[in-house]
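The structure displayed is predicted, hence computed values, not measured ones. Scope of the values below: all heavy atoms of this structure, side chains included, with no hydrogens, waters or symmetry mates.
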Amino acid sequence: MTAVAETNEPGSDLTARSARLRHLIVTIYGLYARSDGGWLSVAALIRLLADLGVDEPAVRSAISRLKRRGMLEPRRQDGSAGYQLSAGALAILREGDARIFTRRRATLADGWLLAVFSVPESHRDRRHVLRSELTRLGFGMVAPGVWIVPAHPQDATAQTLRRLGLESYADLFHADHLAFGDITTLIRRWWNLDELERRYEAFIQAHEPALRRWEEQRGTQGLTEQRAAFADYVRALTDWRRLPYLDPGLPAELLPEGWIGIRAAELFFALQALLEEPARAYVKSAISG
């Protein structure tokens, strides 16, 4: 579940839209299908995506791509054609829950988690997977083969590397920064905080109007409002769920004053508090209907 890189190459807009649709589908499965064994009928998925402005052919194409990528598996249930999350997809979603749905920020007392790895040249494909996964988990590179992230108490790095069969290439250490170099300067070398700030700003610009709108109409719970809550919540979560991975969750003391990531988190969790229940009610009615 990686973010789509921006590019000016021909076809890049189509590629970005295609990737976003796949991300929307994964969000819907993660929110509403896991209680039913990870299964949704194709008809229900088409109905729900229509509320997000996606037509049926695009939905079917995206489902096929997710099937080829090993995220979805076809299964009929009670005579209805549908797809269920694969075991690998379920594991990814479980690992992501704590990161996405909690206010996750380390303290200085937590220290640092170091990943030290060496991968033989004959296994360079595994080296690429390992580096990509460490990046996805918020690690920054100190030096080739030495990566760092704040040592969050709920860190799932070891669990993730075992799931991917990468544990034989890496060692994990808990460490403290003792001397030499200003840590706030080093942090900007290890992580691109300017790019992260830009992404947070884009999230706020995209979803702050929805928060203001829902705060003004708080308490209204008709079907029309439930449908709108579903659409707004799925869009916001789809945009949000990549950010806690890009953000290493640095201690507040090491961040620039007025760090925008804190404001973005407050926005997401405010939307979640307002929209989660009416959105779930709408999905239940849409699926049963």
Side-chain angles (χ1 to χ4, degrees), residues 1-5 15 18-19 22-23 25-31 33-35 37-40 62-75 83-102 104 106 110-175 190-192 238 240-249:
M1 294 183 284
T2 57
V4 178
T15 301
S18 177
R22 294 195 299 274
H23 294 165
I25 290 173
V26 171
T27 297
I28 289 172
Y29 266 94
L31 284 173
R34 281 189 280 178
S35 61
W39 184 88
L40 280 174
I63 290 172
S64 295
R65 286 178 179 269
L66 288 167
K67 177 186 173 184
R68 290 197 298 270
R69 294 179 181 211
M71 294 291 290
L72 295 178
E73 299 171 345
R75 178 166 68 87
Y83 288 83
Q84 66 184 15
L85 290 163
S86 66
L90 284 167
I92 290 171
L93 290 169
R94 281 194 300 270
E95 289 171 8
D97 284 346
R99 195 163 193 138
I100 293 166
F101 295 111
T102 59
R104 181 180 179 274
D110 291 328
W112 302 91
L113 179 66
L114 293 182
V116 180
F117 64 88
S118 177
V119 183
E121 182 62 24
S122 58
H123 295 175
R124 59 179 175 267
D125 59 324
R126 304 301 286 162
R127 183 191 304 140
H128 172 73
V129 172
L130 179 54
R131 287 174 174 168
S132 298
E133 198 61 29
L134 290 176
T135 299
R136 190 184 73 85
L137 291 171
F139 279 76
M141 187 176 72
V142 177
V146 181
W147 292 53
I148 189 169
V149 77
H152 299 276
Q154 70 272 37
D155 183 80
T157 300
Q159 177 184 347
T160 300
L161 295 185
R162 287 193 193 98
R163 175 174 57 79
L164 296 172
L166 298 170
E167 70 274 19
S168 63
Y169 301 109
D171 292 294
L172 301 179
F173 299 89
H174 187 256
W190 300 335
W191 290 282
N192 188 345
T238 299
W240 170 255
R241 62 189 174 88
R242 179 59 179 146
L243 292 172
Y245 283 95
L246 295 172
D247 188 337

Side chain to side chain donor-acceptor pair (under 3.5 Å) contacts in which one or both residues fall within residues 163-174, not counting sequence neighbours: E95-R163, H123-Y169

Return the [atom1] to [atom2] distance between [X] and [Y], rounded to the nearest 0.5 Å.
| X | Y | atom1 | atom2 | value |
| --- | --- | --- | --- | --- |
| R136 | L246 | CZ | CG | 10.5 Å |
| I28 | T238 | CD1 | OG1 | 7.5 Å |
| R99 | L243 | CZ | CG | 11.5 Å |
| E73 | W39 | CD | CH2 | 14.5 Å |
| Y29 | L72 | OH | CG | 5.0 Å |

Which atom of [X] lies closest to which atom of [Y], heavy atoms considered:
| X | Y | answer |
| --- | --- | --- |
| W147 | T135 | CZ3-OG1, 3.4 Å |
| A33 | L40 | CB-CG, 3.8 Å |
| L137 | V149 | O-CG2, 4.1 Å |
| R126 | L164 | NH2-O, 2.6 Å |
| R127 | V119 | NH2-O, 3.0 Å |

Can a donor-acceptor pair be found, under 3.5 Å and without considering hydrogens, that links the side chain of [X] to the backbone of [Y]?
| X | Y | answer |
| --- | --- | --- |
| R34 | L85 | no |
| S86 | G70 | yes |
| H152 | P248 | yes |
| W191 | G138 | yes |

Is it the case that S18 and R22 place a side-chain donor and acceptor less than 3.5 Å from each other? yes

Report yes if the side chains of Y83 and L66 come closer than 4.5 Å at any heavy-atom pair, otherwise no.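 A side-chain contact under 4.5 Å is absent here.
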
Within-4.5 Å side-chain heavy-atom neighbours: I25 and M71: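 Side-chain contact under 4.5 Å: no.
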
Would I100 and Y245 count as a side chain to side chain contact (heavy atoms under 4.5 Å, CB included) if you check the C-alpha gap in whole Å, the side-chain angles of each, and the deciding distance to 0.1 Å? CA-CA 8 Å; I100 293 166; Y245 283 95; 4.2 Å; yes

Quick one: do W190 and V142 satisfy side chain to side chain contact (heavy atoms under 4.5 Å, CB included)? Show the steps, please. CA-CA 6 Å; W190 300 335; V142 177; 3.8 Å; yes

Evaluate L130 against L161 for side chain to side chain contact (heavy atoms under 4.5 Å, CB included), listing each step before the verdict. CA-CA 8 Å; L130 179 54; L161 295 185; 3.7 Å; yes

Name of the residue among L113, I148, V146, L114 meeting side chain to side chain contact (heavy atoms under 4.5 Å, CB included) with F173: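 Going through L113, I148, V146, L114 one by one, the side chain to side chain contact (heavy atoms under 4.5 Å, CB included) with F173 is satisfied by L114 alone.
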
Give the C-alpha distance, both sets of side-chain angles, the deciding distance and a yes or no for side chain to side chain contact (heavy atoms under 4.5 Å, CB included) between F139 and T157. CA-CA 10 Å; F139 279 76; T157 300; 3.4 Å; yes

With a 6.0 Å cut-off (strictly less than), is the heavy-atom count around CZ of R75, excluding the residue itself, greater than 12? yes

